[in-house]
**Student:** 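My structure is below; once you've seen it, I'll send some questions.
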Amino acid sequence: MREELTALREQALRDIAGAADLSALEQVRVAVAGRAGTLTKAGEQMRHLAKEERPEIGKLLHEVRTAVTGALDARAAELSAAAEEAELARIDPTLPGRSRPVGSLHPLQHLQRRAVEIFRRMGFALAEGPDIETEWHCFDALNTPADHPARNEQDTFYLPDGRLLRTHTSSVQIRTMECTAPPVRIIAPGAAYRRDEVDATHLAQFTQMEGLYVDEGVTLGDLKGTLEYFFRELFGPDTKVRFRPHFFPFTEPSYEIDVRAAALGGGERWLELAGCGMVDPAVFAQICERRGDKVFDPEKVTGFAFGFGLERLAMILYGVPDIRMFVENDQRFLAQFPS
Ligand code: PHE
């Protein structure tokens, strides 16, 4: 048995040293130390030995096992280091690196983020609503009578079930007031849809941004201050803002906002950029009726709302001559807006 073990060790160590790669080494490991391996079999022989032989042979067996396992580990480390080195030798570190082109934000997205960031600083939270709306959320709750031209099938995309693609983001005012109590201070960017003939200044889908602030004691002064601050932050300190009386069914009084700034093409012209006004008490009354409570009691709360389109703003700001460029996905156009 002793000679057998010694021979076994010699053979195993030779095989291990001769293994040319990791898979050859694995074959050696299985042949020696695997379940049917030579060393394992030798271990099983132990029980056929005479009692007095066992301690000595047992000790030898242990030594052989330690030597073989150690040699296996050492050879494995050697072979994998060699494999790694061979792998590295195939890499040419003098080759130039491969550049990964990083995309940039779409100009509308870029502008939207800038606008949201300004309103966030004033404590406005983001809100959203569905693009497919009920007539009630888009028109009735916003005090828009049944014969209002905006409700016309020629102007609005209706679905067969009577719902519609929202014509403005003002529906988010309603959705927000349905489920929260004052104070409400939200900004809601999103898509709006109108059946416009598509040309250089019109798309059937565009992007609006709606704002709403409702609390006790909100005044027209708050509206003017908030929007003046916003446009100055966006276009620079030389920005002039003008509120021109207008009409919207859901605000009273209502205004259109004209802005003049060097950033907007010289600052000579007043550009009409947004609609706004004090929330009409009739809107609060609709909300109270819908909610079945009085948290938006028109006798107690007041508020202002505003809305503007992002495409028009971006066209002026970035000098984009045709609104269709925003949706054509032309890299030559999009790559001009680093972000
Ligand atoms: N919803 C109006 C529009 O689409 C804009 C607006 C919003 C006006 C809020 C007043 C208050 O033209």
Side-chain angles (χ1 to χ4, degrees), residues 108 112 115-116 119 122 124 126-131 133-145 148-152 155-157 164-177 184-196 201-215 218-228 230-231 241-259 271-284 286-287 296 298 301-313 323:
L108 288 175
Q112 179 172 315
V116 167
F119 282 111
M122 290 189 277
F124 283 79
L126 272 180
E128 55 181 15
D131 291 22
E133 261 303 1
T134 65
E135 270 198 278
W136 189 80
H137 287 92
C138 197
F139 296 128
D140 298 290
L142 287 157
N143 199 34
T144 309
H148 191 280
R151 303 183 68 143
N152 199 312
D155 292 319
T156 300
F157 293 106
L164 49 83
L165 296 183
R166 67 180 179 197
T167 57
H168 51 183
T169 43
S170 299
S171 51
V172 185
Q173 290 181 34
I174 303 304
R175 296 237 166 227
T176 305
M177 288 191 283
V184 168
R185 211 193 267 134
I186 55 127
I187 185 89
Y193 307 83
R194 289 178 196 174
R195 288 183 78 148
D196 277 329
T201 51
H202 296 87
L203 289 174
Q205 176 187 334
F206 59 105
T207 318
Q208 273 197 338
M209 198 157 195
E210 188 85 8
L212 174 70
Y213 178 25
V214 181
D215 202 353
V218 176
T219 68
L220 189 56
D222 296 320
L223 165 60
K224 294 183 86 169
T226 303
L227 290 175
E228 273 174 15
F230 169 69
F231 284 117
V241 180
R242 178 168 84 178
F243 291 76
R244 191 165 30 77
H246 195 71
F247 174 80
F248 296 105
F250 37 93
T251 45
E252 180 59 34
S254 305
Y255 303 90
E256 273 189 333
I257 303 174
D258 301 335
V259 178
L271 295 166
E272 173 204 317
L273 286 188
C276 68
M278 300 304 290
V279 178
D280 196 306
V283 173
F284 289 136
Q286 289 272 9
I287 297 290
F296 284 96
V301 297
T302 50
F304 67 72
F306 57 88
F308 53 86
L310 282 179
E311 279 83 354
R312 187 168 147 66
L313 218 64
I323 195 172

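Note that ligands are numbered from 1 as they come in the structure, with each ligand's atoms numbered from 1 the same way.
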**Student:** Taking side chain to side chain donor-acceptor pair (under 3.5 Å) as the test, write out the residues that go with D222, two or more places apart.
**Tutor:**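 Side chain to side chain donor-acceptor pair (under 3.5 Å) check on D222 returns T219.
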**Student:** When rounded to the nearest 0.5 angstrom, what is the spacing between CG in L313 and CD in Q112?
**Tutor:**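 L313 atom CG to Q112 atom CD measures 11.5 Å (nearest 0.5 Å).
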**Student:** Residues two or more places apart in sequence or in another chain: which of them pass salt bridge (Lys or Arg N to Asp or Glu O under 4.0 Å) with E252?
**Tutor:** none
**Student:** Please name all residues satisfying side chain to side chain donor-acceptor pair (under 3.5 Å) with T134, sequence neighbours left out, ordered by chain then number.
**Tutor:** H137
**Student:** If you look at each N/O of ligand 1, which protein N/O atoms lie under 3.5 Å away, and at what distance?
**Tutor:**
unit_1: ligand 1; atom_1: 1 (N); unit_2: H168; atom_2: ND1; d: 3.0
unit_1: ligand 1; atom_1: 1 (N); unit_2: S170; atom_2: OG; d: 2.9
unit_1: ligand 1; atom_1: 4 (O); unit_2: R194; atom_2: NH2; d: 3.0
unit_1: ligand 1; atom_1: 4 (O); unit_2: Q208; atom_2: NE2; d: 2.9

**Student:** Does a side-chain N-to-carboxylate-O contact under 4.0 Å join E133 and R175?
**Tutor:**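 Salt bridge between E133 and R175, a charged N being under 4.0 Å from a carboxylate O: yes.
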**Student:** Restricting to non-hydrogen atoms, name the atom on E311 and the atom on F206 that form the minimum distance, rounded to 0.1 Å.
**Tutor:**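 Result for this residue pair: OE2-CA, 3.4 Å.
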